[in-house]
Protein chains: 2
Amino acid sequence: MQEGIKNKELLLAHMSSAFSLTGDEIEVLISLFAERQVKRRGFILHQGDICRHFTFVVSGCFKMYTIDRGGKEFNLEFAAENEWISDLNSFYAEKPTTVYIEAIEPSVILQITRQDLIYLYGNYPKFNSTFRIIIERKYMELQNRVLQNISATAEERYSNFLHQFPTLAARLPNTQIASYLGITSEFLSKVRKDLAHKR
Amino acid sequence: MQEGIKNKELLLAHMSSAFSLTGDEIEVLISLFAERQVKRRGFILHQGDICRHFTFVVSGCFKMYTIDRGGKEFNLEFAAENEWISDLNSFYAEKPTTVYIEAIEPSVILQITRQDLIYLYGNYPKFNSTFRIIIERKYMELQNRVLQNISATAEERYSNFLHQFPTLAARLPNTQIASYLGITSEFLSKVRKDLAHKR
DNA sequence: AAATACCCTTAATATATATTAAGGGTTCAG
DNA sequence: CTGAACCCTTAATATATATTAAGGGTATTT
């Protein structure tokens, strides 16, 4: 329990941003989350598998994506430091996932299993609120993304992405950003040129 | 407490689909939710207001939308019987909303205020789980919608909408569906013609 | 250091979707 | 009952975005 505590401090700080935690709660969090290193291009979830963990990213970055029949990838979500990633549908229903979660950079994560999370919900009620709030925040972000998708041009969506996720944008290849925005990387290239000319 | 109990039974049935409720929990739910009738075209939330209620739809149907500088409406969400609707961002942060929630049909709703919901979370811990699950379900639906938006053509999105929300599709004018799908109603008209010819 | 895979850009052409305009059909409020 | 809103469709034209193909640049692996 001494090794890796340092990484768990980020999780504890994150969890106590909404509600402060008691000593007991801190202890149980530390005991139930397992640390894992993931290499660049390493998968923590593969299409067809059952998603068995709720994952907190300590460092590095992941993408969650699907591949259609034509072999094209579509990025549903990125998760960097201090963010959560999981396929909720597969996780709770224990059914095969349709997505991949892959490390874009060498990463360190903390994971809790479904069983342990349910134990946590049942025995430390505060975590129901904590995880409710985590999901609510993610929900609002997604809703904003849907609004962008139905109302904004590719150029507006890209500008917005740069503005909303500046550090992420600097770390990701444009191909990955294009896949997230729902455009081809060739078109993103044009959009970038047009934006540059507007300066 | 006798009048309107019938409408609250739908809420109770909905809430106990994930966890069964005790007598106390049922009583507090009944006491904290207020029933309201809304006419067609009536607003339960107006841009600039603070969203003060979490709303459960007993009957009828609502749309949640924004209007851009050009006056165009974009439908973020529909909510019919047995669904929840609220602008979470405005509701929790108590700041002015950017959206409208308007009845598309004469409707009956049950509403709880932010204060009462927080009271509920604090004193009846089970509802933390219940509302966590409600939000998780909505999150998965939104995620699926984002995937559609970035990966599917307008025709695929429309087919999917018909398949996923058959009763809703039959009740809504096509203009509203187009606004939800992120296309113009003229183009939806063409999509419908093309689909009809494919039979 | 070479080889391979990845990444970014450009441009020509093709397709999906928006815009504008117009007409007819329905519903709803006065 | 009647006009005013709304709704749906069509078609011509315009714009946004995809596809294909090609070349050069950068990492990563061998």
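Keep in mind that the numbers below use all heavy atoms, side chains included, and drop hydrogens, waters and symmetry copies. In what follows, chains carry the letters A, B, and so on, assigned in the order in which the sequence lines appear, proteins first and then strands, with residues in each chain numbered from 1.
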Rounded distance [0.5 Å steps], NZ in K190(A) versus OG in S185(A):
14.5 Å

Spacing of CD1 belonging to I109(A) relative to CG belonging to L11(A), to within rounding of 0.5 Å:
12.5 Å

Using whole Å, what does the distance between atom [atom2] of nucleotide [N] and atom [atom1] of [X] come to?
X	N	atom1	atom2	answer
I150(B)	dA16(D)	CD1	P	22 Å
D194(A)	dT10(C)	CG	C1'	12 Å
L188(A)	dC7(C)	CG	P	13 Å
K190(B)	dC7(D)	NZ	P	23 Å

Taking the minimum atom-to-atom distance to the side chain of [X], which one of [options] wins?
X	options	answer
K193(B)	dC8(D), dT10(D), dT9(C)	dT10(D)
F187(B)	dT9(C), dA16(D), dA18(C)	dA18(C)
I183(A)	dT17(D), dC7(C), dA18(C)	dT17(D)
A154(B)	dT17(C), dT28(D), dT17(D)	dT17(C)

OP1 or OP2 of [N] less than 4.0 angstrom from a side-chain nitrogen or oxygen of [X], does that happen here?
X	N	answer
S189(B)	dC8(D)	no
R192(B)	dT9(D)	yes
N174(B)	dC8(D)	yes

As a quick check of understanding, evaluate salt bridge (Lys or Arg N to Asp or Glu O under 4.0 Å) for E73(A) and K63(A), giving each step before the final call.
CA-CA 11 Å; E73(A) 289 185 21; K63(A) 62 176 173 178; 3.4 Å; yes

Please work out if E186(A) contacts a base, only the sugar-phosphate, or nothing of the nucleic acid, heavy-atom cut-off 4.0 Å.
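Base, at least one base atom sits under 4.0 Å.
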
T175(B) near the nucleic acid: base, sugar-phosphate alone, or nothing, with a heavy-atom cut-off under 4.0 Å?
sugar-phosphate

Would you please say whether a donor-acceptor pair under 3.5 Å links the side chains of Y124(A) and E25(A)?
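E25(A) and Y124(A) do not have a side-chain donor-acceptor pair below 3.5 Å.
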
Assuming nearest nucleotide by heavy-atom distance, tell me which of R41(B) and K72(B) is located more 5' along DNA chain C.
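Going by which nucleotide is closer to the 5' end, it is K72(B).
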
5' priority, DNA chain C, between P173(A) and R40(B) [closest heavy atom]:
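Nearest nucleotide further toward 5': that of P173(A).
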
Quick check on DNA chain D: between Q176(B) and R157(A), whose nearest nucleotide comes earlier from the 5' end?
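Its nearest nucleotide being more 5', the pick is Q176(B).
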
Classify the ring geometry of Y180(A) against F78(A): parallel below 30°, tilted from 30° to 60°, perpendicular beyond 60°.
parallel

